[in-house]
Amino acid sequence: MAVRYCALCRRSSFSGRRHLYSAAHRRRLREVLSRLQEEVAAARAAAAAAEEEDGGGGGGAAVRRYDPAEHDRRVWCPCCGSGVRRDGRRGPLALPRAALLQHLAGPEHRRETARFWREHRAEAALREQCVVPAEEYERYARALERAVAAHQRREEERIRQMAADIREAERRQRETVRAALQLQTEPEPRAGPASHGPPAAPQRDTSQDAEQPGPSGTHMGPDLNWMEPSQALTFIGHQDTEGKGNVHTGAKPPWLMEEEEEEDGSKQIGPSYEEFLKQKEKQKLKKLPPERVGANFDHTSQTGDGWLPSFGRVWNHGRRWQSRHQFRTESGEKKKKR
């Protein structure tokens, strides 16, 4: 018996074509076709709703604002063996079910559907429920074009209305500013000549108080007429500091003063060359193993003439064998003591 692989069940069958009539294959076929029929029915319902809204002058539900999380979904087509994008896209707009309807009405999907029905022995009555007639898709496409055009007109009208509102707000703002400037530039009414009393103060120049043109809308120069001429100031003397000035005495600011350089060069910045070499040697020693022989040796200690170590008693006195016997004797004594 020939081995046959079933792509729908995803398993190999040793019963040949009899696998197509088995209960497991028929159950799997019904599940796949039921999901496809649900997607086709939803797409055809969306097309019918778009045509009805287009006939009634609406068309708002046929197009929506594009959202990647919602409109980038795909639908599995078992006839073609590939994932099909569900919603179409036209610039910033999403066209619900448009891409799926275009696929279902295409000639390639019809050929693959016929092949799928022939290979898996599906019911012939269910075939038309998995395809969309070309005439129905053409009507939907025309209604969709009209819906997109109507949506674009509404967006243009909304943008024009927003621009008109912005211009109106700017006009009201300019009128408010102009009225405020007129109130500031109008001279105050003067009182009649008085026979008694102190002389009247001279009128301040209001041209400087008016708002100067600029990005901040405030006057740029200082007001020099802030004090009345009848008032006097008390002199408290010069406030000089010892060798230093400040902003009130007219001293030079610190960032304009030249730095005084040391002529003798006594001031040294940073470590000396000898300290650098010592630090470099310390860095080299850090790379060596810490438990090496002589790691804890004090190089700064003072040694005399008898600096040679006394190991084996050979360099001090006696012969080598005497040192060996003495070492064995001492070792035996140490062992006995233990």
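All values below come from the heavy atoms of this structure, side chains included, with hydrogens, waters and symmetry mates left out.
Note: Glu39 CD to Ser34 OG = 10.5 Å, rounded to the nearest 0.5 Å. Taking CZ from Arg97 and CG from Leu95, the interatomic distance works out to 13.0 Å, rounded to the nearest 0.5 Å. Residue Arg121 holds its CZ atom at 4.5 Å from CZ of Arg17, rounded to the nearest 0.5 Å. Once rounded to the nearest 0.5 Å, the distance linking CD of Glu38 with CD of Gln129 reads 11.5 Å. The CD atom of Glu123 sits 8.5 Å away from atom CZ of Arg30, with the distance rounded to the nearest 0.5 Å. One finds the NE2 atom of His25 at 10.5 Å from the OG atom of Ser15 (value rounded to the nearest 0.5 Å).
Between Arg160 and Glu157, at least one side-chain N (NZ, or NE/NH1/NH2) sits under 4.0 Å from a carboxylate O, which counts as a salt bridge. A salt bridge does not link Glu156 to Arg153: none of the charged side-chain nitrogens sits closer than 4.0 Å to a carboxylate oxygen.
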Please tabulate, for the side chains in residues 130-137, all donor-acceptor contacts under 3.5 angstrom to protein atoms that are two or more places apart in sequence or on a different chain.
residue	atom	partner	partner atom	Å
Glu136	OE1	Arg44	NE	3.3
Glu136	OE1	Arg44	NH2	2.9
Glu136	OE2	Arg44	NE	3.3

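Not one N or O on the side chain of Arg111 forms a donor-acceptor pair closer than 3.5 Å with the backbone of Thr113. Distance alone, capped at 3.5 Å, is enough to place a donor-acceptor pair between the His71 side chain and the Asp67 backbone.
The side chain to side chain contact (heavy atoms under 4.5 Å, CB included) check on Pro290 picks up nothing, with sequence neighbours excluded. Contacts of Asp165 classified as side chain to side chain donor-acceptor pair (under 3.5 Å), with partners at least two apart in sequence or in another chain: Gln161. Taking the salt bridge (charged side-chain N to carboxylate O under 4.0 Å, His left out) definition, one finds that Arg10 meets it with nothing, sequence neighbours left out. Under the salt bridge (charged side-chain N to carboxylate O under 4.0 Å, His left out) criterion, Glu145 pairs with Arg90, not counting sequence neighbours. A search for side chain to side chain donor-acceptor pair (under 3.5 Å) contacts involving Glu112 returns Arg115, not counting sequence neighbours. Annotation: salt bridge (charged side-chain N to carboxylate O under 4.0 Å, His left out) contacts of Arg146 (sequence neighbours excluded): Asp54. A search for salt bridge (charged side-chain N to carboxylate O under 4.0 Å, His left out) contacts involving Arg171 returns Glu168, Glu175, not counting sequence neighbours.
Val148 and Tyr66 sit in two unconnected hydrophobic clusters of ILVMFWY residues. Membership requires side-chain heavy atoms under 4.5 Å apart, directly or through other members.
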Could you give me the CA-CA distance, side-chain angles and deciding distance for Arg4 and His19, then say whether side-chain contact (heavy atoms from CB on, under 4.5 Å) is met? CA-CA 8 Å; Arg4 181 183 178 86; His19 168 73; 5.5 Å; no
Checking salt bridge (charged side-chain N to carboxylate O under 4.0 Å, His left out) for the pair Arg167/Glu170: CA distance, chi angles, key distance, verdict? CA-CA 5 Å; Arg167 286 193 294 267; Glu170 291 178 351; over 6 Å; no
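Across every non-hydrogen atom of Ala99 and Val84, the tightest pair is O-CG1, 4.4 Å. Between Ala147 and Val63, the shortest heavy-atom distance links the atoms O-CG2, 4.3 Å. Residues Ala50 and Ala143 share a closest heavy-atom pair of O-CB, 4.2 Å. For the pair Leu288 and Arg292, the tightest heavy-atom approach, listed with the atom from each and the gap, is CB-NH1, 3.6 Å.
Each ring-ring contact (aromatic ring centres under 6.0 Å, His included) pair with one or both residues in residues 75-95, not counting sequence neighbours, would appear here, but there are none. Identified under the ring-ring contact (aromatic ring centres under 6.0 Å, His included) test for residues 93-115, with sequence neighbours left out: His103-His109. Screening residues 280-291 for side chain to side chain donor-acceptor pair (under 3.5 Å), with sequence neighbours left out, gives no hits.
Using a 4.5 Å heavy-atom threshold, the side chains of Arg64 and Pro96 count as touching.
Other residues sharing a hydrophobic cluster with Leu8 under the 4.5 Å side-chain heavy-atom criterion for ILVMFWY residues are Leu29, Val32, Leu33, Phe116, Trp117, Leu126.
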